[in-house]
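Below is one structure, written out as structure tokens; comments come after it.
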Number of protein chains: 2
Amino acid sequence: MAVTMNDVARAAGVSLKTVSNVINNYEFIRPATKQKVLEAIAELGYEANLTARSLRSGKTNMLGLVLSDLSVPYYAELASDIMKAASNRGYRVLVEQSANQAEHERAALQGQFRNLTDGLFFIPLALGGDDIIAAAGKKPLVLLGEFVEDPRLDMVLIQNQDAAAAVTAHLLGSGRRRIAVLGANDGDTTGSNGLRLIGYRHALKANGVEYDPALVIPCGWRRDGGAEAVSRLLASGVEFDAVFGLNDVVALGALHELLVRGYSVPDDVAVAGFDDIDEARFASPSLTTVSPGRTEIAQRAVDLLIDRVEGKGERADVEQPRAEYALRIRQSAP
Amino acid sequence: MAVTMNDVARAAGVSLKTVSNVINNYEFIRPATKQKVLEAIAELGYEANLTARSLRSGKTNMLGLVLSDLSVPYYAELASDIMKAASNRGYRVLVEQSANQAEHERAALQGQFRNLTDGLFFIPLALGGDDIIAAAGKKPLVLLGEFVEDPRLDMVLIQNQDAAAAVTAHLLGSGRRRIAVLGANDGDTTGSNGLRLIGYRHALKANGVEYDPALVIPCGWRRDGGAEAVSRLLASGVEFDAVFGLNDVVALGALHELLVRGYSVPDDVAVAGFDDIDEARFASPSLTTVSPGRTEIAQRAVDLLIDRVEGKGERADVEQPRAEYALRIRQSAP
DNA sequence: CCTCCAATCTGCAACGATGTATTCAACGCA
DNA sequence: TGCGTTGAATACATCGTTGCAGATTGGAGG
């Protein structure tokens, strides 16, 4: 059916192996021979069979990316950045949605998905560090700094704590004193939610404001979660003058609910988020948030994973680069 | 390294081919034999090597999805739906971003990307029908009804024209008479932009409102495109009492710009979009828009492509199912 | 002129599965 | 008893590459 190396070899009058050598840029090939082969390739429109190559070489040149759902803007944007960065280094990315289910995450760590790829980017949401270490195979794995932080695993870290503190400090700086936190449980200390909550508490303490657990509202990390959390907060009668959504969609859901109910943002209530998704800039009012350095995260993760895959240096030390964050002050909390 | 069929065969005391037969559910296998093999598989933790299987069988069980950029919410949501539907039928989806470049699109249609997949979903933005037919190989291809509509190609259609007419009619019904259209050029007749513009004109005509080319503002199909289009529209001095963004992000960008400039929506200007992305429901004010039936599109596209791949029926007739649209009336244009 | 080495090219096996054809045993039936 | 038929398992070739070892060629050096 398709043109194979054999066809090219015959057309160029050389051996199959020489064609292979030309394609793989083997050093010792006479320019004239190379020329002949390249011409035959062009003429026949030959394209290497990647499946055969993978079988023989054991490399697929694909990287896996496990995330909960592409319809979540932050993940979609991150995936886009990762795919671009990987493409620049000659790799494709195969995305797998875990739907936030431990079973799906585990399956992606070890099953067929793993075999299809040379290495894995993983945004764990349901599994913890121990689970991951237990389930993961031997191929390179890079976590993306969302929920799990574990010293035994390669990962790109988000400065969850410091960034959350910066947002909180900004709200405090504008005179807010009753800042509700949406998306965490009082007492959380691990995961993005826990770390961001800690950052929030640190900032309160540093500014001499007392921590009130009644202001910490757990909710799903989606728009409707944020909206519903605001409803509960209002129903509870607890006073507040600012809302810090632990990610942007929660903050945007909250913002929407506040406006629907006739509150003025930022006059009555200031709103801030975390992630700096594209949408934040165009919300009305535009959303104050913190950028975790998405593009940098993607680039560092890709470089780290591909270096592992290609075994450059072979050093076994865990690497955990940390991306720079940046506060984005907009209308919702000037 | 990894466990192969051979290892399983040895452990079970049968031939390699028998193991293969068990795995492929070959009909004539004694239950006792099957049992032995399955036990050996479980014990050794054998997993089939998909690369080898692909090489031999010529099938990869992967489908390609070519779109411009995952950071565009509509595409991310569609990709998510497609991946879920494909997964239900045992296929994975490999996404390729074309960045809206003809060269990238062409490459995805014929190059290595094509070889990696059994069939392709394609959302063309830069290429036209002729280009696609010229570039596409022999493997199944299903277009997703955005820009190109071509009777020679399998595709799932969006009811661009009727849905746009429905939005326009709704705006007219609420008393608006000067409806600006963002995202098309006066005279466009092809592509989503053209078809939606035609729908708009039909609705105007049906309601006895004259078409004014000055109200048609071309712009990039992104948030900042919509925002900037509103700026141009205002600068032009042309009067308008409603804005119809030809997709949701354009409409949301426009909405943002209007609010920033102190206009009241919907009192001064009504705003409507097209796509019904998740964000539309939570915008402030929430966005009136039309749902093109994203989940249905994904499901139909997956069914169509997989049926083609698996050659069920082998009928050569082009198929072009049409998804149902639905108007979503919200605050921005009640 | 012969040896030796580097540059260049080639042949064969192998990656791990599946398709085809074949073998072998057991069974029913004349 | 002998023969055809069917169920069950196997042997071998094959998919299109790349790794490895070996063959060939053309000077440089003695």
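Predicted model, so just to flag it, every value in this text is computed and none were measured. Chain identifiers are assigned alphabetically (A, B, ...) following the order of the sequence lines, protein sequences preceding nucleic acid strands; residue numbering begins at 1 within each chain.
No side-chain N or O of B:Ser54 forms a donor-acceptor pair with one of B:Thr51 less than 3.5 Å apart. Residues A:Asn6 and A:Thr4 bring no donor and acceptor atom of their side chains to less than 3.5 Å of each other. A donor-acceptor contact closer than 3.5 angstrom is absent between the side chains of B:Glu105 and B:Gln101.
Atom CG of B:Asn25 and atom C1' of D:dA9 are 17 Å apart (whole Å). The interatomic distance linking A:Asn61 (CG) with D:dT17 (P) rounds to 15 Å, in whole Å. Rounded to an integer number of Å, the gap from NZ of B:Lys34 to P of D:dA9 is 11 Å. The distance between atom CD of B:Glu27 and atom P of D:dG7, rounded to the nearest whole Å, is 8 Å. As rounded to whole Å, 14 Å separates atom P of D:dG16 from atom CD of B:Gln112. Separating the CG atom of B:Leu16 from the P atom of D:dT10 is a distance of 10 Å, rounded to the nearest angstrom. Distance, B:Leu50 CG to D:dC15 C1': 16 Å, rounded to whole Å. Between the C1' atom of D:dC15 and the NZ atom of B:Lys59 lies a distance of 16 Å, rounded to the nearest Å.
Both A:Pro31 and B:Asn49 sit near DNA chain C, but only A:Pro31 has its closest nucleotide nearer the 5' end. Where B:Val14 and A:Asn6 each meet DNA chain D at their nearest nucleotide, the meeting point lying more 5' is that of B:Val14.
Distances shown here put every side-chain N or O of B:Arg53 at or beyond 4.0 Å from the OP1 or OP2 atom of C:dG16. OP1 or OP2 of D:dA9 lies within a sub-4.0 Å distance of a side-chain N or O belonging to B:Arg30. Between B:Thr18 and D:dT10 there is a side-chain N or O to OP1 or OP2 distance below 4.0 Å.
The residue A:Thr33 sits close only to the backbone: its heavy atoms come under 4.0 Å of sugar-phosphate atoms, none of a base. Nucleic acid contact class of B:Ile29 (heavy atoms, under 4.0 Å, all strands): sugar-phosphate only.
For B:Glu77, the side chain to side chain donor-acceptor pair (under 3.5 Å) partners at least two apart in sequence or on another chain are B:Arg294.
Panel note: side chain A:Ser15, backbone A:Thr18; a donor-acceptor pair is recorded below 3.5 Å.
Distance from the side chain of B:Ser15 is smallest for D:dT10 among the nucleotides D:dT18, C:dT10, D:dT10. Listed nucleotides D:dT17, D:dA9, D:dC15 differ in distance to B:Leu55; the shortest reach to its side chain belongs to D:dC15. With C:dT18, C:dC9, C:dA7 as the choices, the nucleotide that has an atom nearest any side-chain atom of A:Phe28 turns out to be C:dA7.
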*Reading nucleotides 19-24 of chain D from the 5' end, what letters show protein touch, with B for base, S for backbone sugar-phosphate only, - for no heavy atom under 4.0 Å?*
BB----

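Atom CG of A:Leu141 sits about 5.5 Å away from atom CG of A:Leu120, to the nearest 0.5 Å.
Few gaps surround CZ on B:Arg92; more than 12 heavy atoms of other groups in view lie less than 6.0 Å from it.
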*Apply side-chain hydrogen bond (donor to acceptor under 3.5 Å, both in side chains) to A:Ser68 and A:Gln97, showing your working.*
CA-CA 5 Å; A:Ser68 73; A:Gln97 302 189 106; over 6 Å; no

